[in-house]
Participant: 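Got a structure for you, questions after.
Residue numbers start from 1 in every chain, and the chains themselves are labelled A, B, ... in the order their sequence lines are given, proteins ahead of strands.
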Amino acid sequence: MNISFNRNTVTLNGVKDFSLAHTFLCGQCFRWNENDDGSFSGVANGRVIKISAVNDNITLYNTNLQEFNEIWSNYFDFSRNYDEIKKELSKDEIMKRATAYGWGIRILQQDLWETLISFIISQSNNIPRIKQIIERLCESYGDRIFMDGKAYYTFPSYERLKGCVAEDLAHLRAGYRAKYIADAVYKVNSGDVDLSLIKTLPLYEAKQSLMNINGIGHKVADCVLLFGAGRFGVFPVDTWIEKAMRGLYPCVCENEKNIRTAGENIFGRYCGLAQQYLFYYARDNKLKF
DNA sequence: CACCAGGCAAGCC
DNA sequence: GGCTTGCATGGT
């Protein structure tokens with residue numbers, strides 16, 4: 001990968017295993033939006049950037065080389081060799097098809113707190129509405145920043161939200177999830193749940209810690225660990241994955257009550273990424289099982 | 001009008 | 001432990 005830059009853009013040539021659409025539309029993030037020209041704009045790490053692609057040439061706007069090296073290179077997971085992982089995962093024909101279909105998916109290294117709240121909101125909800133609720137949260141409590149004369153809002157820290165109770169969040173229209181958000185705000189601010197440990201604790205303990213928050217069960221905890229803590233050894237099971245696994249891996253799953261452990265056993269240390277290829281493959285094709 | 005959306009907690013057994 | 005039900009809101 002070759003890097004060049006000027007005053008407020010950074011250009012990368014020869015970026016492999018990366019598609020904007022696959023990465024931003026595979027369901028892992030909620031604050032990136034596609035522009036008319038196929039580029040995407042989004043807010044992350046307290047900043048707003050735009051990113052465009054022509055073949056394997058990527059350009060990031062409204063940033064600079066130092067910021068790229070310190071923030072965005074890690075955010076887009078550019079130092080990880082996805083080609084090797086895809087080969088390791090492609091032990092069967094189904095995963096070969098799924099990785100070929102979503103070849104450009106990269107797991108964004110998103111902020112842990114933002115991911116935690118976002119996936120609490122995601123439960124039993126649809127993606128457009130999830131995005132609306134998160135946007136209202138950011139407009140109400142985040143910082144306003146500008147790019148190209150347009151206002152964007154950062155995701156509010158837990159310190160910023162300290163003291164919020166469910167009634168304070170009614171304007172988000174998050175429904176019954178408001179009390180879950182409030183519980184997360186309380187438990188993270190009080191230290192009942194220590195987010196600084198989530199990336200390093202043994203996986204089981206990290207998950208149990210997250211599940212101390214009301215509104216976080218297995219699925220949300222797994223998404224938070226995968227998308228917000230870079231832990232690829234979890235296998236989040238939602239309605240799509242359950243259907244996909246039963247339909248595509250019937251020998252393993254027809255009598256397997258626990259699809260989650262089945263996924264862990266089949267796909268191993270990168271089962272989280274396998275799950276994401278499967279999810280994108282199944283949902284994007286509206287596969288019926 | 002039903003039924004569903006990247007589930008979960010509470011209440012049963 | 002497993003199974004069932006209610007849950008806020010908005011879209012189809």
Side-chain angles (χ1 to χ4, degrees), chain A residues 22-32 98 102 105 107-108 110 114-137 140 164-187 192-193 204 207-229 231-232 234-248 253 255-264 267 271-289:
Chain A
H22 293 176
T23 295
F24 293 130
L25 304 178
C26 72
Q28 65 175 321
C29 55
F30 303 104
R31 301 212 66 207
W32 287 91
I105 292 175
I107 301 297
L108 299 171
Q110 300 182 78
E114 175 175 341
T115 309
L116 191 159
I117 295 299
S118 297
F119 278 90
I120 284 177
I121 293 168
S122 78
Q123 67 180 250
S124 189
N125 211 338
N126 58 65
I127 288 177
R129 189 163 162 256
I130 297 164
K131 293 175 73 168
Q132 287 174 19
I133 294 167
I134 293 171
E135 215 52 40
R136 284 193 285 270
L137 177 68
S140 302
C164 276
V165 296
E167 293 74 45
D168 299 327
L169 303 170
H171 65 286
L172 301 181
R173 315 300 293 161
Y176 63 88
R177 305 165 193 84
K179 60 180 181 292
Y180 299 155
I181 298 170
D183 192 59
V185 168
Y186 176 78
K187 283 183 175 143
D192 291 353
V193 175
Y204 178 81
K207 184 165 169 177
Q208 289 304 311
S209 177
L210 291 172
M211 288 173 67
N212 284 325
I213 293 170
N214 206 265
I216 298 189
H218 286 283
K219 191 271 173 183
V220 170
D222 285 344
C223 284
V224 173
L225 288 165
L226 176 59
F227 302 130
R231 310 212 51 170
F232 285 58
V234 292
F235 193 77
V237 177
D238 69 325
T239 52
W240 279 103
I241 289 295
E242 180 171 354
K243 281 185 283 187
M245 288 294 286
R246 286 191 193 282
L248 298 172
C253 297
N255 293 317
E256 174 61 76
K257 288 178 187 169
N258 196 335
I259 304 290
R260 182 159 25 87
T261 51
E264 291 167 1
F267 304 117
C271 61
L273 188 53
Q275 181 271 6
Q276 205 53 25
Y277 288 121
L278 264 185
F279 177 82
Y280 184 67
Y281 176 61
R283 198 193 58 158
D284 208 50
N285 288 294
K286 296 181 168 52
L287 294 188
K288 301 292 182 194
F289 300 102

Participant: Within the 4.0 Å heavy-atom criterion, would you say Arg177(A) contacts the bases, only the backbone, or no part of the nucleic acid?
Facilitator: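 Base: the residue Arg177(A), judged by heavy atoms under 4.0 Å, touches a nucleobase.
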Participant: Please determine, for the side chain of Asn214(A), which listed nucleotide (dC8(B), dA5(B), dA9(B)) has the closest atom?
Facilitator: dA9(B)
Participant: Rounding to a whole Å, what distance do you find between Lys243(A):NZ and dC4(B):C1'?
Facilitator: 10 Å
Participant: NA contact type, Thr239(A), heavy-atom cut-off 4.0 Å: base, sugar-phosphate, or nothing?
Facilitator: sugar-phosphate
Participant: Just checking Ile133(A): base, sugar-phosphate only, or nothing, at a heavy-atom cut-off of under 4.0 Å?
Facilitator: nothing
Participant: Quick one: which of dA8(C), dG7(B), dG6(B) gets closest to the side chain of Arg129(A)?
Facilitator: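 That would be dA8(C).
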Participant: Which of the following nucleotides, dG10(C), dA5(B), dG6(B), is nearest to the side chain of Ser124(A)?
Facilitator: dA5(B)
Participant: Can you tell me the distance, in whole Å, between the CG atom of Asp238(A) and the C1' atom of dC8(B)?
Facilitator: 14 Å
Participant: Would you mind reading off the distance between Gln132(A) atom CD and dG11(C) atom C1', rounded to a whole angstrom?
Facilitator: 10 Å
Participant: Any N or O donor-acceptor pair linking the side chain of Tyr176(A) to the base of dG7(B) at under 3.5 Å?
Facilitator: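 Answer yes: a donor N or O sits under 3.5 Å from an acceptor.
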Participant: Regarding Pro128(A), tell me which of base, sugar-phosphate or nothing describes its non-hydrogen contacts under 4.0 Å with the strands shown.
Facilitator: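 Contact class for Pro128(A): none.
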Participant: Look at all strands and tell whether Gly215(A) reaches a base, only sugar-phosphate, or nothing, counting heavy atoms closer than 4.0 Å.
Facilitator: sugar-phosphate
Participant: Counting the atoms with a prime plus P, OP1 and OP2 as sugar-phosphate, which does Phe119(A) contact under 4.0 Å by heavy atoms, base, sugar-phosphate, or nothing?
Facilitator: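 Result for Phe119(A) = nothing.
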Participant: Ignoring hydrogens and angles, are the base of dG6(B) and the side chain of Gln276(A) linked by a donor-acceptor pair under 3.5 Å?
Facilitator: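 A donor-acceptor contact between them is present.
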Participant: Between Phe227(A) and Phe119(A), what is the ring plane arrangement, given parallel below 30°, perpendicular above 60°, and tilted in between?
Facilitator: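 Ring orientation of Phe227(A) relative to Phe119(A): parallel.
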Participant: Look at all strands and tell whether Ile213(A) reaches a base, only sugar-phosphate, or nothing, counting heavy atoms closer than 4.0 Å.
Facilitator: sugar-phosphate
Participant: From the set dA5(B), dG10(C), dA8(C), return the single nucleotide nearest to any side-chain atom of Lys179(A).
Facilitator: dA8(C)
